Each structure stands twice: as C-alpha cells, then as structure tokens.
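Below: the structure, in structure tokens.
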2 protein chains.
Amino acid sequence: MGAANTYHHGNLREALLEAGAKLIEEKGIADVSLRAVAKAAGVSHTAPYRHFNDKNAMLRGIAVTGFRLLGQRLGQAVELHPGDPGQQLTAAGVAYVELAIEHPRLHNLMFGGVLADDSVDDALEETSNHAFRGLADIIARGQRAGVFREGDTDELALTAWSVVHGFAMLASTGSLDHRAASREAKLALARRIADSLLIGLATR
Amino acid sequence: MGAANTYHHGNLREALLEAGAKLIEEKGIADVSLRAVAKAAGVSHTAPYRHFNDKNAMLRGIAVTGFRLLGQRLGQAVELHPGDPGQQLTAAGVAYVELAIEHPRLHNLMFGGVLADDSVDDALEETSNHAFRGLADIIARGQRAGVFREGDTDELALTAWSVVHGFAMLASTGSLDHRAASREAKLALARRIADSLLIGLATR
DNA sequence: ACATTTTGTTGACGTTGTCAACATTTTTTT
DNA sequence: AAAAAAATGTTGACAACGTCAACAAAATGT
C-alpha cells in the first residue's frame with residue numbers, strides 16, 4: 001500500500017470525479033471530454049474505463065456527489081430552525097437555490113436531463129431520493145404540528161419541490177438575470193417566492 | 001422558381017428543423033448528430049452550414065419552434081376561460097405540463113441547459129420571452145380583477161412559472177413515475193398542484 | 001515463490017463537428 | 001440576353017472524441 005507510485009494511482013476513481021467536477025464547473029458539461037478528465041487526473045485516456053463503464057457512468061458519479069452535497073445542505077437548513085417547519089421549508093428552499101446558483105453546471109448535470117435516458121443507476125437514484133425525502137420529512141412534521149394543511153404528504157412535498165426546482169433552474173440558467181442579476185437579488189427573490197409557497201401550503 | 005430540382009433544395013432550413021425535431025423526439029438530443037439530420041433531410045453532411053452557423057445554432061432553431069408551440073398552447077388555454085384569470089392560470093399551467101409530457105425531449109432541449117452557455121440568440125430570446133409574457137398577462141388581469149393579490153406582477157408570474165416549470169421538468173424526466181405513471185395521473189397531479197399555487201397567489 | 005486479479009498504457013477504429021475548395025443554381029447587373 | 005455576383009449545394013480532409021482489443025505492471029492471495 002505504497003503512496004509514491006507512478007503506475008498505479010491509488011485512488012483514481014475519486015481523482016477522476018474530482019477532476020471531472022472541476023472541469024465541468026469551468027467549461028460546462030458539453031465541453032468536457034472523457035479524455036480531458038483523464039488528462040487532468042494525470043492518466044491515459046482509457047484509464048477511466050477501469051472505474052466506469054462509460055463516460056455517462058462517470059458523469060453519473062459526479063452527479064451523485066452533487067446530490068450528496070444537496071442532501072447535506074438541506075439537513076443543515078433543517079437544523080438551523082429546530083421545531084419550526086415553516087422556517088425549515090423556507091431555509092431548505094433557499095439552500096437549494098443557493099446551491100444551484102453557486103454550482104450552476106453541476107446543477108445542470110444533476111437535473112438537465114443529460115443522464116435522463118440512461119439505464120437506472122442505483123447510487124444516483126438512492127442519493128436523489130434521499131434528497132427528496134428530506135423535503136418530505138419537513139412537510140410531514142409541519143402537518144403533524146398543524147402548520148401545513150392536511151393531504152397527501154408526498155404531494156405537498158412535490159409541490160414544494162416543483163417551486164424550488166423550477167426557480168433554481170431559472171436562476172442557474174441565467175433566465176432571470178434581467179430581473180435579478182446579483183446573487184443577493186436572486187436569493188432575496190427566492191425567499192419571497194418560498195414565502196408565497198408557504199401560504200399555499202399553510203392551513204387556511 | 002422551379003420545384004423539382006435535385007441540387008437546390010428550396011426550403012432546406014425548414015426541412016432541417018423538421019427532420020431534427022423528429023430525430024430528437026425519437027432518440028434524444030445526445031444521440032442526434034448534425035450529419036444524421038442532414039442525411040434525414042436528404043442533403044450532404046455539410047449542407048446545414050449554409051443555414052446555421054454551427055450545430056447549436058440549428059438546435060436553437062428547433063428550440064424556437066418549441067417556444068412558439070408553447071406560446072400557442074398558452075394562448076389557447078387563456079381563450080378557453082374568458083374573463084376568469086384563475087381558470088386561465090390553471091389551464092395554462094396544465095397546458096405547459098401537457099406539452100412537456102407529450103414532447104419530453106423537445107422540452108429538454110428548450111430548458112435542459114444544452115443551449116445555456118451559447119451566445120444569446122435573438123429569435124430564441126424573443127420567443128421564450130413571449131411565452132413568459134403570456135403568463136404575466138394572465139397574472140396582471142387577475143390582479144386588476146382582484147382575484148390575485150397585489151404586488152410585483154412579474155414576481156408573481158415568476159412564482160407561477162417556477163411551479164409549472166419545476167413540475168414539468170419532473171414530469172418530463174420521469175422523476176415522478178413512481179407516484180404517477182400514466183399521462184392522466186400526471187395531469188391530474190398537475191391540476192392539483194396548480195390549485196395549490198392558486199391559493200398562494202389569491203387575495204387572502 | 002508463483003498465479004491471479006486489479007489497474008494502468010498503447011494503438012487502433014468508426015463517428016463527429018467543422019473547414020477549405022469546388023460545383024451548380026439563382027439573382028442581379030449591365 | 002450575357003456576364004458577374006451571390007446563394008446554396010457537394011466532396012474531401014482534419015483533429016478530437018468515445019470506445020475496444022491487446023499488452024504491461026503492480027497488488028494481492030496462496
């Protein structure tokens with residue numbers, strides 16, 4: 001288990017994910033090739049095939065790290081407002097939007113549909129489901145506390161997810177640079193929209 | 001201005017847009033090459049360059065046709081419920097989702113971010129703005145009629161756009177096939193979510 | 001120690017987007 | 001009506017890409 005070898009990398013899988021994420025952040029998904037990622041990681045152009053079945057499998061690996069990051073952020077948002085599901089929901093929504101603004105190309109990889117036509121990836125599905133369940137849990141607690149209206153929990157969660165996801169998409173693609181150019185303006189807008197959502201979910 | 005020529009096509013630009021849209025519908029954006037589109041239109045592999053600067057310019061042309069279609073559908077939704085902004089908004093939202101379900105890959109081209117990093121395209125920007133303005137007009141009329149609450153019209157429109165856009169994205173990528181597999185189930189879900197939205201926008 | 005498995009490299013292949021050079025048709029100018 | 005110009009198409013080439021097969025080195029198990 002040496003450390004200074006040149007032939008065997010030691011941790012190439014992670015290195016590729018890292019290099020790939022960095023390149024995507026810089027140049028966008030469309031302009032990142034498998035070969036460029038391999039080169040950035042310091043290996044030959046086919047070395048990635050020892051760790052991923054094909055290019056899309058590597059992209060899915062990067063998307064998974066994005067979903068893990070998202071899950072963490074949502075968790076932090078919840079912890080910031082213990083016992084207050086309304087605030088938790090707003091904070092989670094803002095956190096989601098924040099991530100999309102900070103890492104627009106990663107967000108695009110996660111939700112832009114590049115991977116949509118692929119055969120299902122277990123790790124990807126699990127991490128993305130986990131992120132969604134974090135949201136559904138907030139809703140469920142809010143319903144029990146009587147601040148959110150009754151009804152199918154997952155459906156309310158889906159509503160919230162839709163708002164946040166739609167806004168994040170608009171924010172990350174620059175579609176609303178006319179209305180809100182700066183990062184702060186976008187987040188303020190996100191907060192107000194999250195409040196609109198809250199009204200729709202509240203008990204009347 | 002003959003009709004049966006073989007060398008000059010006569011209307012190649014439109015033919016390419018049509019063939020491209022069809023191929024994308026069948027195979028997805030990632031699996032459609034410029035050359036395949038040219039072949040489907042019956043011309044050589046570089047003929048498209050007389051009508052589009054590059055591949056992405058052609059894709060933007062196809063996206064424009066999608067935005068035009070969207071604008072038409074939104075217009076029809078409005079006409080179906082004259083004088084009732086609430087119903088108009090719901091119908092517009094459902095129409096939007098319907099389009100995304102019917103043509104998921106076209107929707108993906110329009111909103112998936114493949115074209116996001118391109119230099120701005122006038123025709124694309126205009127048609128997409130037009131679609132958004134249709135929505136904003138519904139909101140404005142609803143505010144004047146007193147059924148939607150006061151406030152920045154564009155911001156309310158943005159909220160509505162976010163919900164619908166987010167849900168459409170989830171619907172078109174198959175992310176909610178667990179909860180609602182059939183087309184009808186998805187549309188019913190969309191209708192209920194649009195109603196949630198309505199509550200958030202209504203005057204209290 | 002040796003055999004096996006894992007992990008890396010080299011070299012090749014067909015496909016892709018794009019460019020330069022050339023051909024044909026249409027339009028404009030004279 | 002003839003010539004010049006512009007528009008629109010084709011052919012052939014190129015480098016870059018994803019992927020595969022064959023080989024090489026290191027790590028691991030016996």
Side-chain angles (χ1 to χ4, degrees), chain A residues 1-21 23-24 26-63 105 109 114-119 121, chain B residues 1-21 23-24 26-63 105 109 114-119 121:
Chain A
M1 28 72 177
N5 282 322
T6 45
Y7 198 94
H8 274 44
H9 185 286
N11 198 16
L12 185 52
R13 200 193 127 96
E14 301 307 313
L16 287 168
L17 292 179
E18 209 166 311
L23 281 178
I24 286 176
E26 289 168 359
K27 313 173 51 178
I29 307 167
D31 290 337
V32 172
S33 66
L34 220 210
R35 295 165 99 111
V37 175
K39 179 174 282 185
V43 290
S44 74
H45 64 274
T46 58
Y49 285 89
R50 300 294 151 189
H51 301 273
F52 305 99
N53 280 333
D54 55 19
K55 184 187 181 184
N56 264 8
M58 194 186 79
L59 293 180
R60 285 198 299 270
I62 297 174
R105 323 237 207 201
L109 172 64
V114 185
L115 314 170
D117 292 334
D118 284 12
S119 63
D121 182 309
Chain B
M1 25 75 172
N5 283 321
T6 46
Y7 198 94
H8 274 45
H9 184 286
N11 198 16
L12 183 54
R13 201 193 125 95
E14 301 307 315
L16 287 168
L17 291 180
E18 211 166 310
L23 281 178
I24 286 175
E26 288 168 0
K27 312 172 52 177
I29 307 167
D31 290 338
V32 173
S33 66
L34 221 210
R35 294 165 99 111
V37 175
K39 180 175 284 186
V43 292
S44 75
H45 65 273
T46 57
Y49 284 90
R50 301 296 150 185
H51 300 273
F52 304 100
N53 280 333
D54 55 18
K55 183 188 181 183
N56 264 8
M58 194 186 80
L59 293 181
R60 285 198 300 269
I62 297 174
R105 323 237 208 200
L109 173 63
V114 185
L115 314 169
D117 291 334
D118 283 12
S119 63
D121 182 311

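Proteins get letters first, then strands, A, B, ... in listed order; numbering begins at 1 in each. Remember, it's a predicted structure, so these values are computed and weren't measured experimentally.
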Without decimals, in angstroms, what is the distance between A:L23 CG and D:dA16 P?
16 Å
Across every strand shown, the nucleotide meeting Watson-Crick or G-U wobble geometry with D:dT30 (both distances under 3.5 Å) is C:dA1
Nucleic acid contacts of residues 31-38 of chain B, taken as heavy-atom distances under 4.0 Å to DNA chain C
B:S33, B:L34, B:R35
Quickly work out the A:I29 CD1 to D:dC17 P distance and round it to whole Å.
16 Å
Provide, to the nearest angstrom, the distance between the CZ atom belonging to B:R13 and the P atom belonging to D:dG9.
13 Å
What is the nucleic acid contact for B:H45, judged by heavy atoms within less than 4.0 Å: base, sugar-phosphate only, or nothing?
base
Is A:I24 close to A:V37 at the side-chain level, that is, under 4.5 Å between some pair of heavy atoms?
no
Phosphate contact (C:dC19 OP1 or OP2) by B:Y49 side-chain N/O below 4.0 Å:
no
From CG of B:N11 across to C1' of D:dA7 the rounded distance in Å is 15 Å
Rounded to the nearest angstrom, tell me the gap between atom NZ in B:K39 and atom C1' in D:dT11.
15 Å
Can you measure B:E14 atom CD to D:dT8 atom P for me and round it to whole angstrom units?
13 Å
Could you tell me how far apart A:K55 (NZ) and C:dT16 (C1') are, to the nearest whole angstrom?
12 Å
Under 3.5 Å, is there an N or O donor on one side and an acceptor on the other linking the side chain of A:T46 and the base of D:dT19?
no
Once you round it to whole Å, what is the distance between P of C:dC22 and CZ of B:R50?
14 Å
If I take atom CD from residue A:E18 and atom CG from residue A:N11, how far apart are they, to the nearest 0.5 angstrom?
9.0 Å
Donor-acceptor contacts, no H, no angles, side chain residues 50-63 of chain B, under 3.5 Å, sequence neighbours left out:
from  : atom 1 : to     : atom 2 : distance (Å)
B:D54 : OD1    : B:N56  : N      : 3.4
B:D54 : OD1    : B:A57  : N      : 3.0
B:K55 : NZ     : B:V32  : O      : 3.1
B:N56 : ND2    : B:D118 : OD1    : 3.0
B:N56 : ND2    : B:D118 : OD2    : 3.0
B:R60 : NE     : B:D121 : OD2    : 2.8
B:R60 : NH1    : B:D118 : OD2    : 2.5

Which heavy atom of B:A19 sits nearest a heavy atom of B:A40, and at what distance?
CB-CB, 4.0 Å
Please answer whether the main-chain N or O of B:E26 pairs with a side-chain N or O of B:R105 as donor and acceptor at a distance below 3.5 Å.
yes
Provide the closest heavy-atom pair for A:A38 versus A:L16 in the form atom of the first, atom of the second, distance.
CA-CD2, 4.1 Å
What are the two closest non-hydrogen atoms of B:V114 and B:I29, and how far apart are they?
CG2-CD1, 4.3 Å
